[in-house]
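Read through the structure below, which is laid out as structure tokens, and then see the notes.
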Amino acid sequence: MKRRQILAAGCACCASLATSRVWAQPAESYLVPERFQRPDLASDEGGLWAMMDREEKLLRRSPLVLRDARLTTYVQDIACRLGAGHCPDIRVFLVRTPQFNASMAPNGMMQIWTGLLLRMDNEAQLAAVIGHEIGHYLQRHTVERLRDIKSRAAASQVLGLFGLVGAIGSLVVLASAYGYSRDQEREADRIGAWLMHRAGYKVAESALVWNNLLDEARAREGSEPSQTSPLFATHPAPPERRDTLALLAKDLPGGTDGRENFTAQTAPYLAEWQEDEVKRGQYAESLVLLSRRIATDNAPGMARYYRGEVYRLRGQAGDLDLAWTDYQAAAADASPQPQAFRGIGLLARQRGQKEDARQAFARYVELAPEAPDAALIKSYLEELGS
Amino acid sequence: MKNLLVVLLAMLLAACASVKKVESGANPVGDRMSITVDGNWNHLDFPGLKPAQVWTMEGIAIDELLVYPGIRDGQAMHPEFSANSRNKDFTFRKTMQTEELVSMFEGTLSRDGSTFKLKKVEPFAFGGKKGFRFEYERIRKVDGVRLSGIGFGAVDREELFALVYQAPRLTFFPRHQARVEAIAKAVVIK
């Protein structure tokens with residue numbers, strides 16, 4: 001048995017070596033490795049798995065994890081279609097955090113943050129991110145990275161200070177801090193594209209994920225972000241990545257984008273996720289994101305309300321006029337957000353348009369009598385006179 | 001690991017912080033604010049949370065009373081907190097309306113990835129000025145602890161004065177809420 005395990009490990013190692021330049025191979029040649037066996041606890045990889053198991057135990061109890069079985073199952077099913085034989089080892093957790101992030105640990109724990117879900121236009125884009133993370137998992141990049149860092153002189157000092165357990169913990173922290181190398185990112189992109197294609201998704205959508213993220217980063221930085229942003233600094237240059245994925249898509253044509261299903265599954269959460277986005281206070285990025293949603297959403301009224309909020313809160317020259325236009329459009333929606341009327345009321349009150357303010361506030365209180373700010377708005381109504 | 005991080009963070013902060021007891025009675029804070037307290041409050045002074053002062057009853061990892069003793073127009077809220085982040089700071093503007101001020105606190109308290117749910121906002125006379133009071137719930141990102149919080153504030157002569165108190169929803173917040181409400185009612189703004 002032990003001999004077989006050694007052989008299997010050797011084969012896995014060979015497979016890893018054989019695929020270490022996966023991004024340079026033709027699209028059809030990638031062989032998905034067999035399911036991984038739990039590594040020996042005494043090994044560095046075993047220690048890493050044990051650490052991730054503990055993290056997963058904590059994550060399971062976290063109140064930040066979405067407890068919606070329907071949405072979690074939907075995303076888990078996407079991961080299963082992409083991961084195929086590895087499906088039983090992948091466990092998806094959706095975490096309520098408004099930033100763009102997804103990760104997959106070596107033990108199969110996958111985290112997807114709600115800020116990422118909000119930024120996806122369709123199921124194929126989500127599959128692109130999940131496929132990318134599964135690519136890291138299949139190539140055991142975290143372990144590679146761990147060993148790379150472990151070999152550095154600084155790490156050996158840590159080893160001496162805290163013993164093996166402490167060292168593994170520190171190295172995990174270091175590994176996550178350093179992120180994957182650029183070659184690993186390229187490899188994961190390419191594997192992700194293959195997995196997408198094999199599962200029937202439109203690979204061209206993967207380039208759009210990167211493009212959209214780049215647009216937000218440009219708005220934040222006010223220039224090309226590749227030189228300044230830590231995220232882009234550890235990844236291949238954005239244009240290269242986008243162009244490579246677009247080229248891959250030409251080799252891997254066809255597929256569906258799954259937009260309709262994705263829209264239906266995520267619809268119940270859109271208000272909450274957009275509200276979390278506005279609270280971030282990163283207005284330049286939010287404006288790019290929300291403007292894209294307005295341009296592509298079937299029912300853009302909600303996104304117009306939230307974009308109005310961003311303009312009102314940013315409050316730069318001309319912003320209040322833009323907020324006014326967005327609130328008006330949102331209020332004219334077939335199923336308007338009640339808060340759109342509050343927005344109109346607040347701006348009208350600020351401009352001294354008392355009658356407009358009174359009408360809008362009255363409508364808001366009528367539509368949302370239990371709103372957290374109902375008492376405040378009623379005090380404005382009293383001040384305005386009824 | 002996250003719990004360990006909280007403890008390490010608290011130890012780190014404690015190591016950098018100077019702690020002094022807040023005496024019962026009226027305590028001047030800044031040039032124009034006076035806070036009257038009873039009980040064993042401690043004032044922690046450490047980098048990262050200015051321009052607020054941080055007071056605590058139970059210890060910094062458990063409860064905190066953030067005191068904003070006159071934030072000026074254009075001044076950022078806790079700018080050092082995000083010194084290594086590319087995130088833009090939340091900045092006070094003298095023209096802000098109540099909703100914008102509450103949104104600024106929402107953003108400040110959720111910038112670390114914590115959730116913030118506003119439960120109530122209403123008019124409140126703070127320091128004898130026309131102000132506001134708000135209640136919220138927060139799930140702290142670093143350890144997943146559910147917190148309850150209350151805030152009070154007013155803008156006077158282009159400066160923001162505010163108190164924000166938060167503590168774990170179970171046990172600690174109910175234990176001190178009445179005490180904090182009394183402090184807020186007794187605040188004097190000169």
Side-chain angles (χ1 to χ4, degrees), chain A residues 51-52 54-55 57-59 61-65 95-99 101 113-115 169 172-173 217 220-221 225 228-231 272 275-276 278-285 309 312-316 339 342-343 345-347 349-350 370-380 382-383, chain B residues 1-5 8 76-78 82 84-124 130-147 169:
Chain A
M51 192 123 198
M52 291 300 110
R54 283 199 292 277
E55 280 296 304
K57 203 173 160 188
L58 289 173
L59 185 62
R61 293 201 303 257
S62 169
L64 293 170
V65 170
V95 182
R96 186 178 169 190
T97 305
Q99 280 81 11
N101 195 24
W113 290 6
T114 50
V172 170
V173 173
R220 180 183 63 227
E221 308 285 333
T228 49
S229 166
L231 171 68
E272 181 178 275
E275 196 168 320
D276 287 349
V278 173
K279 280 179 199 167
R280 289 177 60 222
Q282 304 307 305
Y283 301 132
E285 291 170 49
E309 285 287 273
R312 181 175 66 83
L313 292 170
R314 188 172 70 167
Q316 291 180 356
Q339 301 96 311
R342 179 190 60 189
L346 291 172
L347 292 182
R349 179 173 173 260
Q350 220 168 334
E370 304 299 323
D373 57 356
L376 187 71
I377 300 300
K378 283 175 186 167
S379 76
Y380 292 162
E382 282 174 22
E383 167 196 298
Chain B
M1 182 159 175
K2 283 176 184 167
N3 289 335
L4 180 65
L5 281 174
L8 286 173
M77 305 286 278
H78 313 298
S82 59
N84 294 321
S85 155
R86 303 202 67 79
N87 286 347
K88 301 267 191 302
D89 285 319
F90 290 89
T91 303
F92 167 67
R93 297 191 311 270
K94 63 185 180 186
T95 54
M96 280 178 155
Q97 298 187 64
T98 297
E99 296 73 17
E100 292 168 275
L101 293 166
V102 174
S103 293
M104 184 174 68
F105 283 109
E106 280 192 52
T108 304
L109 292 166
S110 56
R111 72 199 304 180
D112 63 347
S114 301
T115 66
F116 183 106
K117 186 173 177 56
L118 184 66
K119 303 294 288 181
K120 191 176 187 181
V121 53
E122 60 191 350
F124 183 83
K130 192 175 171 185
F132 57 91
R133 175 188 181 281
F134 61 99
E135 298 174 10
Y136 64 92
E137 285 176 359
R138 183 173 171 234
I139 301 173
R140 198 160 55 192
K141 174 76 175 174
V142 69
D143 55 7
V145 171
R146 290 179 188 273
L147 306 169
R169 187 181 57 168

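Note on naming: letters A, B, ... go to the chains in the order of the sequence lines (proteins, then strands), and numbering restarts at 1 for each one.
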List in chain and number order the residues that pass side-chain contact (heavy atoms from CB on, under 4.5 Å) with A/P372, two or more places apart in sequence or in another chain; answer none if no residue qualifies. B/L118
Is there a donor-acceptor contact under 3.5 Å from the side chain of A/K279 to the main chain of B/S110? no
Please round to the nearest 0.5 Å and tell me the distance separating atom CG of A/D276 and atom CD of B/E106. 9.5 Å
With rounding to the nearest 0.5 Å, note down the distance linking CG in A/L347 to CD in B/Q97. 8.0 Å
Charged N to carboxylate O below 4.0 Å: is that the case for A/E383 and B/K130? yes
How long is the span from the NZ atom in B/K117 to the CD atom in A/E275, to the nearest 0.5 Å? 7.5 Å
Heaviest contributor of heavy-atom pairs below 4.5 Å to chain B, chosen from A/P98, A/A284, A/P63, is A/P63
If every non-hydrogen atom of B/V121 is compared with every non-hydrogen atom of A/A375, which pair is closest and at what distance? O-CB, 4.1 Å
Between A/L64 and B/K141 the two heavy atoms that sit nearest each other are CD1-CD, 3.7 Å
Among residues at least two apart in sequence or on other chains, which ones pass salt bridge (charged side-chain N to carboxylate O under 4.0 Å, His left out) with B/R138? B/D112
Interface moiety of B/E100 toward chain A, non-hydrogen atoms closer than 4.5 Å: both
How long is the straight-line distance from CZ of B/F90 back to CZ of A/R280, given to the nearest 0.5 Å? 9.0 Å
Could you have a look at A/I377, A/L346, A/D373 and say which one has the most heavy-atom pairs with chain B under 4.5 angstrom? A/L346
Between B/K120 and chain A, with a heavy-atom cut-off of 4.5 Å, which part of the residue counts as in contact: side chain, backbone, both or neither? both
Is A/V65 close to chain B through its backbone or its side chain, or both, or neither, when contacts mean heavy atoms under 4.5 Å? neither
Chain B heavy atoms under 4.5 Å from A/R312: which part of the residue, side chain, backbone, both or neither? both
